[in-house]
Number of protein chains: 2
Amino acid sequence: MKISVLGEGMHCRSCHDCTARDFAICAALDKTELRELAQLSRHVRFESGATVFAQANLATSFFSVHAGTLRLYKLLPDSRRQIVGFALPGDFLGLPGLPHHEFSADAVGRVTLCQFPKESFATFAEKRPQLLRRMVELAGHELARAQEHMVLLGRRSAEEKIASFLIGWRDRLSGIGRGGEILPLPMKRLDIADHLGLTIETVSRTFSKLERDGVIQIFASGVVLLDAPRAEALSAGVS
Amino acid sequence: MKISVLGEGMHCRSCHDCTARDFAICAALDKTELRELAQLSRHVRFESGATVFAQANLATSFFSVHAGTLRLYKLLPDSRRQIVGFALPGDFLGLPGLPHHEFSADAVGRVTLCQFPKESFATFAEKRPQLLRRMVELAGHELARAQEHMVLLGRRSAEEKIASFLIGWRDRLSGIGRGGEILPLPMKRLDIADHLGLTIETVSRTFSKLERDGVIQIFASGVVLLDAPRAEALSAGVS
DNA sequence: TGTTGTCCTTGATTGAGATCAACCCGATCA
DNA sequence: TGATCGGGTTGATCTCAATCAAGGACAACA
């Protein structure tokens, strides 16, 4: 686990023009507080595949994703893997009250993060109900997403799972201003499989089927939703 | 949805000797605050099977479970059901920042709850970082549990699911001082099936298999863990 | 230019759990 | 006393996705 700092003592020089600020935890802060928080933080970068932190390790920092995608996953002893989510810019990683990391996180492509030492962040947050309120809200949204994913894992067919994933991914990207014609899928098929409780072969077959049915078009870098309404119907569990 | 209040204007007379207080949100409060909060709340009771609130309805109250068990579930349009969790005494229901209920909740057996109007609770919490901190922690624990359940739903066999459920249920009960020789299972087989992403038949068969293998003994009201280490091993995903 | 490795796709077969169907058991009630 | 009903179990069969197996596309590199 190698952490590469972007210039020592740089202290997140770019908070004022941070592209993730509006979605991130920082949205709850005013200009002065933002500067104070920046003093506590530093920017870190990880190359593709690098591990940011590992499940069950002591959590000494919180992170706010600045750019890139992370996969968050849990492993069983026999190495079965469940990806519990993908983190995108603005997502906050780490929760007070849990001393250890509940899952592992590694970079899907290059990633940059704001890193906050846990104690100093906690001290900073202690006196700022606005920030705590925001954290409750973020945790709530995360919980809602987790529950929606439980429905997917427990009660949906392979085709519904894939459609649901694509629609959810599209909506998350457009929520952070990354919407577009082509839906980029930076993660591998195996990652998608381990996220949806499928095998890589079933993911591949289902992508192929959706393409045959004219719902999507597959490219190396992602897919285009040719028939979004059909995908949304599958995603919703209709038909 | 019928709400039966335990005597009008009673205002939760029993906060000082509440059996759930140590686990509940109220643990974050001092004596004075507790009395203030009690002024906002009222005790409500639901009979077995009654709906406390329904998914997608406007959330006007928060709840803290005082006694009994609730099933929390989401439905797909074609009535497939996923039980996202069971709530026990001390559990907090509802999250700020989400105007609508994310799931439905109904009583498994008789249930009593403390009900707080959402706005007055929010106002009360606004100025109390201790309480907000506690809410972040509770949400964090809930999130960790949800992620663990994703692993179960996505990556485990029927036998592992059942064993995992029994061990998790045992640990939650003992965490609120309800441990014992016999592990009570107030919910029906169908509830367990919809919680674990199985059918009622598979649940029944798997219970039978575990009993044949000497891991558990089945009673009308629950099970006894004859071979807890074996169940824990299955639960952990070993073997 | 061929070699290697990674990622993805496709085909054949298998198997765990779903589905369909029957029956048991205890509670309730006429 | 037996009829009904809800909840649970068990057996037979089917099906969807897993597993096993092979090969294709493409990039990195010697």
Side-chain angles (χ1 to χ4, degrees), chain A residues 47-49 71 76 78-83 106 108-109 152-166 184-213 216-223 234 237 239, chain B residues 47-49 71 76 78-83 106 108-109 152-166 184-213 216-223 234 237 239:
Chain A
E47 299 304 322
S48 189
R71 60 174 160 260
L76 291 176
D78 63 357
S79 89
R80 278 174 287 178
R81 183 177 70 153
Q82 175 66 43
I83 293 185
D106 47 41
V108 176
L152 180 147
L153 290 169
R155 285 290 174 239
R156 321 192 81 161
S157 69
E159 194 175 18
E160 290 174 330
K161 284 177 175 182
I162 297 287
S164 229
F165 169 69
L166 292 176
L185 296 174
M187 70 294 287
K188 303 184 199 313
R189 293 286 185 269
L190 183 57
D191 292 330
I192 298 178
D194 284 347
H195 186 42
L196 304 182
L198 299 170
T199 59
I200 183 173
E201 293 95 332
T202 299
V203 170
S204 187
R205 269 187 255 274
T206 308
F207 268 100
S208 298
K209 177 172 191 308
L210 288 174
E211 186 165 49
R212 266 198 318 279
D213 294 351
I216 62 172
Q217 192 172 358
I218 303 173
F219 294 94
S221 57
V223 302
L234 280 168
S239 84
Chain B
E47 299 304 322
S48 189
R71 59 176 161 259
L76 291 176
D78 63 357
S79 90
R80 279 175 285 178
R81 183 178 70 155
Q82 176 66 43
I83 293 184
D106 48 41
V108 176
L152 179 147
L153 290 170
R155 286 291 176 240
R156 322 192 79 158
S157 69
E159 195 175 19
E160 290 174 331
K161 284 177 175 183
I162 297 287
S164 230
F165 169 69
L166 293 176
L185 295 175
M187 70 292 288
K188 302 183 200 311
R189 294 286 185 266
L190 182 57
D191 292 330
I192 298 177
D194 284 346
H195 186 43
L196 304 181
L198 299 170
T199 57
I200 183 174
E201 294 94 333
T202 300
V203 170
S204 187
R205 270 187 254 275
T206 308
F207 268 102
S208 298
K209 178 176 190 305
L210 288 174
E211 185 166 50
R212 267 199 315 280
D213 295 351
I216 62 172
Q217 191 172 0
I218 303 173
F219 293 93
S221 56
V223 302
L234 280 168
S239 83

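Quick caveat, the model's predicted, so the values are computed rather than measured. Quick note on labels: first sequence line is chain A, next is B, and so on, each numbered from 1.
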Chemist: Hey, where does DNA chain C pair up into stems, meaning at least three consecutive Watson-Crick or G-U pairs with distances under 3.5 Å?
Modeler: C:1-30 with D:1-30
Chemist: Using atom CZ of B:Phe219 as one end and atom P of D:dG8 as the other, report the distance to the nearest whole Å.
Modeler: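 The distance from CZ of B:Phe219 to P of D:dG8 comes to 16 Å, rounded to the nearest Å.
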Chemist: How close or far is atom P of C:dC8 from atom CG of A:Leu185, stated in whole angstroms?
Modeler: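 Going from A:Leu185 (CG) to C:dC8 (P), I get 10 Å.
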Chemist: Would you say that B:Leu190 contacts B:Arg81 through its side chain, given a criterion of any heavy-atom pair below 4.5 Å between the two side chains?
Modeler: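 Yes, their side chains come closer than 4.5 Å.
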Chemist: Does the protein touch nucleotides 11-20 of chain C at the base, only the backbone, or not at all? Give it as B, S and - per nucleotide, heavy atoms under 4.0 Å.
Modeler: BB----SSBB
Chemist: Take atom NZ of B:Lys209 and atom C1' of D:dT9, then tell me their distance rounded to the nearest Å.
Modeler: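 My rounded result for the distance is 17 Å.
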Chemist: Measure across B:Gly237 and B:Arg156 and return the closest heavy-atom pair with its distance rounded to 0.1 Å.
Modeler: N-NH2, 3.0 Å
Chemist: Rounded to the Å, how far apart are B:Glu211 CD and D:dG8 P?
Modeler: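 In whole Å, D:dG8 P lies 14 Å from B:Glu211 CD.
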Chemist: Starting at atom CG of A:Leu210, determine the distance to atom P of C:dC8, rounded to an integer number of angstrom.
Modeler: 16 Å
Chemist: What is the distance, to the nearest angstrom, from the CD1 atom on B:Ile200 to the C1' atom on D:dT9?
Modeler: 9 Å
Chemist: Using atom types as modelled and distance alone, determine if a side-chain donor or acceptor of A:Gln217 lies under 3.5 Å from a backbone N or O of A:Glu211.
Modeler: no
Chemist: Any ion pair linking B:Asp194 and B:Lys188 (charged N to carboxylate O, less than 4.0 Å)?
Modeler: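 No, no charged N to carboxylate O under 4.0 Å.
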Chemist: Of the residues in residues 188-196 of chain B, which ones touch DNA chain C at a heavy-atom distance under 4.0 Å?
Modeler: none
